[in-house]
Amino acid sequence: MNHGQRGRLITLEGGEGAGKSTLLRGLEAHMRAQGIDLVVTREPGGTDVGEAVRGVVLNAANNELCAEAELLLMFASRAQLVRQVIEPALAAGRWVLCDRFTDASYAYQGAGRGQPIERIAELERWAAAGLRPDITLLLDLPVSEGRARAAGRGEADRIEVEGDAFFERIRAAYRSRAAGDPARFRVLDASAAPDAVLAQAVAGVAELLARVSA
Ligand code: Z5A
C-alpha cells in the first residue's frame with residue numbers, strides 16, 4: 001500500500017502511567033493486520049545515538065543535568081531520529097508510529113521545567129526539521145491515577161522522581177496543545193480498560209486520517 005505516496009506520522013503522548021506502551025502494542029498489531037507498512041519507534045531513542053541519549057537523560061544518577069541540557073538532549077535524539085528513521089520511512093511511503101515526539105518537549109521541558117516556548121519552537125523548526133505528526137493520540141489521565149499505575153513498575157527514572165505539581169503542569173500543557181490543534185490531536189480517556197482505549201484510538205486515527213486525506 002501507499003505506492004508513491006508519502007507515509008503518515010502518528011505519535012502517542014501522555015503523562016506517567018497513561019498506558020502508551022500498552023496502546024502502542026495494540027495499535028501496532030491492528031495496523032499491521034490492516035496491511036499497513038509500519039515503522040515503530042520511540043523518543044528519546046529509536047537510533048543507536050538516541051538510545052545512548054535516553055540512557056543519559058533517564059539515569060537517576062545524573063541529578064546534576066540542567067534543564068537546558070535536558071532540552072538539547074531531547075532534540076539531539078530527535079534530530080537523529082528524524083533524519084535517520086522517520087523522514088526516510090515517510091518518503092518511502094511507510095507509516096511511522098512513534099512513542100512520544102516534540103509535544104513531549106513542550107510539555108515536559110516547557111511546562112514542566114520552565115524552558116522558554118520560543119526556544120523549543122526554534123529547535124522544532126531547526127533540529128526536528130519542522131516535522132509535525134499527522135495525528136497525535138493523547139492519553140489523558142488524572143495524575144494520581146497515572147502515578148499509582150507507574151508505582152508498580154519498580155525504580156523511578158530521573159524524570160519520574162518529580163512531584164505531583166510537575167506532572168499536573170505537564171497534563172495541563174498536553175490538554176492545552178490538544179485543544180489548540182483539534183485537526184491533529186485526539187484526546188483519549190486513558191482511564192478506560194485497555195481494549196476500550198485501543199478502540200478509541202482506532203476510531204480517532206480513522207477519523208483524523210479521513211480529514212487529512214480529504
Ligand atoms: N520525555 C521528555 O521529557 N521530553 C521529550 O521530549 C520526550 C520524552 C520525547 C521517557 O518516556 C521519559 O522521557 C518520560 C518523558 C520524557 N518521562 N517521564 N515520566 P517514555 O514514554 O519512554 O516513558 P513513560 O512515560 O514512563 O511511558 P511508558 O513506559 O510507555 O509507560 P506508560 O505510558 O505508563 O505505559 P504502560 O507501561 O502501558 O502502562 C503503565 C502501567 O499501567 C502498566 O502496568 C500497564 O499494565 C497499566 N495499564 C496500561 N493501560 C491501562 C489501562 N487502560 N487500564 C489500567 N491499567 C493500564
Side-chain angles (χ1 to χ4, degrees), residues 1-15 18-47 50 74-75 77-108 110 117 120-140 170 173-190 197-214:
M1 106 175 258
N2 296 323
H3 296 297
Q5 240 187 25
R6 188 174 161 83
R8 302 283 188 205
L9 172 60
I10 301 176
T11 60
L12 302 189
E13 298 283 356
K20 282 184 301 88
S21 298
T22 304
L23 174 61
L24 189 95
R25 285 192 294 273
L27 206 51
E28 178 183 1
H30 173 84
M31 289 179 154
R32 290 201 194 282
Q34 305 261 301
I36 294 172
D37 183 6
L38 195 64
V39 173
V40 177
T41 188
R42 69 170 179 181
E43 283 206 331
T47 63
M74 294 298 177
F75 271 97
S77 170
R78 185 165 299 131
Q80 192 66 32
L81 185 68
V82 164
R83 287 161 183 82
Q84 190 179 329
V85 175
I86 300 181
E87 269 301 346
L90 296 176
R94 308 183 74 194
W95 289 29
V96 179
L97 187 54
C98 191
D99 190 344
R100 297 197 188 277
F101 198 60
T102 308
D103 293 298
S105 294
Y106 283 103
Y108 282 80
I117 297 304
I120 301 175
E122 173 66 25
L123 286 167
E124 182 179 21
R125 282 190 296 274
W126 171 63
L131 182 65
R132 279 264 167 102
D134 296 288
I135 292 174
T136 299
L137 300 171
L138 172 58
L139 285 140
D140 184 53
I170 284 159
Y174 269 134
R175 287 161 64 103
S176 144
R177 289 185 68 72
D181 194 355
R184 170 163 74 91
F185 274 92
R186 179 53 40 113
V187 181
L188 310 181
D189 172 11
V197 176
L198 176 61
Q200 292 177 59
V202 167
V205 169
E207 198 186 313
L208 291 177
L209 268 183
R211 276 198 228 166
V212 172
S213 316

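Since we're looking at a predicted model, the values are computed, not measured.
A pairwise comparison of heavy atoms in Gln80 and Thr47 identifies CG-OG1, 3.6 Å as the closest pair. Of all non-hydrogen atoms in Ala201 and Leu27, the two that sit nearest each other are CB-CD1, 4.2 Å. For the pair Ala89 and Val96, the tightest heavy-atom approach, listed with the atom from each and the gap, is CB-CG2, 3.7 Å. The minimum heavy-atom distance between Ala107 and Ala173, with the atom names listed, is CA-CB, 4.0 Å. In terms of heavy atoms, Pro182 sits closest to Ala179 at CD-O, 3.6 Å. Here the closest non-hydrogen pair linking Glu13 and Thr102 is OE2-N, 4.5 Å.
Atoms CZ and CH2, from Arg32 and Trp95 in turn, are 13.0 Å apart once rounded to the nearest 0.5 Å. To the nearest 0.5 Å, the span separating CD1 on Ile117 from CD on Glu122 amounts to 13.5 Å. The distance from atom CG of Leu137 to atom NZ of Lys20, rounded to the nearest 0.5 Å, is 12.0 Å. Note that CZ of Arg186 is 12.5 Å distant from CD1 of Ile10, once rounded to the nearest 0.5 Å. From Glu87, atom CD reaches atom CZ of Arg6 across 4.5 Å, with rounding to the nearest 0.5 Å.
Annotation: side chain of Thr11 is not in contact with side chain of Glu43 (no heavy-atom distance under 4.5 Å). Between Arg177 and Leu138 the shortest side-chain heavy-atom distance does not fall below 4.5 Å. Here the side chains of Phe75 and Val82 are not in contact, with every heavy-atom distance at 4.5 Å or above. Counting heavy atoms from C-beta outward, Ile135 and Arg8 have side chains that stay 4.5 Å or more apart. Leu23 has its side chain within reach of Leu198: a pair of non-hydrogen atoms, C-beta onward, lies under 4.5 Å apart. Residues Met74 and Tyr108 have side chains not in contact (no heavy-atom distance under 4.5 Å, counting atoms from C-beta outward).
In this structure, the side chain of Arg100 engages the main chain of Gly14 through a donor-acceptor pair within 3.5 Å. Side-chain N or O atoms of Arg83 include one that pairs as donor or acceptor with a backbone N or O of Ala79 at under 3.5 Å. Listed for the Asp134 side chain is a donor-acceptor partner under 3.5 Å among the backbone atoms of Leu9. Judged by distance alone, the side chain of Thr41 and the main-chain N or O of Cys98 form no donor-acceptor pair under 3.5 Å.
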Begin from the C-alpha positions of Thr22 and Val197 and carry the test side chain to side chain contact (heavy atoms under 4.5 Å, CB included) through to its verdict. CA-CA 10 Å; Thr22 304; Val197 176; over 6 Å; no
Side chain to side chain contact (heavy atoms under 4.5 Å, CB included), that's the test. Do Val39 and Leu97 meet it? Break it down for me. CA-CA 6 Å; Val39 173; Leu97 187 54; over 6 Å; no
If you apply the rule side chain to side chain contact (heavy atoms under 4.5 Å, CB included), what do you find for Thr136 with Phe101, and how did you get there? CA-CA 9 Å; Thr136 299; Phe101 198 60; over 6 Å; no
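Taking the charged nitrogens against the carboxylate oxygens, Arg25 and Glu28 have no contact shorter than 4.0 Å, which rules out a salt bridge. Arg184 has a carboxylate O that lies under 4.0 Å from a charged side-chain N of Asp103, or vice versa, which qualifies the two as a salt bridge.
There is a side-chain donor-acceptor pair under 3.5 Å between Ser105 and Arg78.
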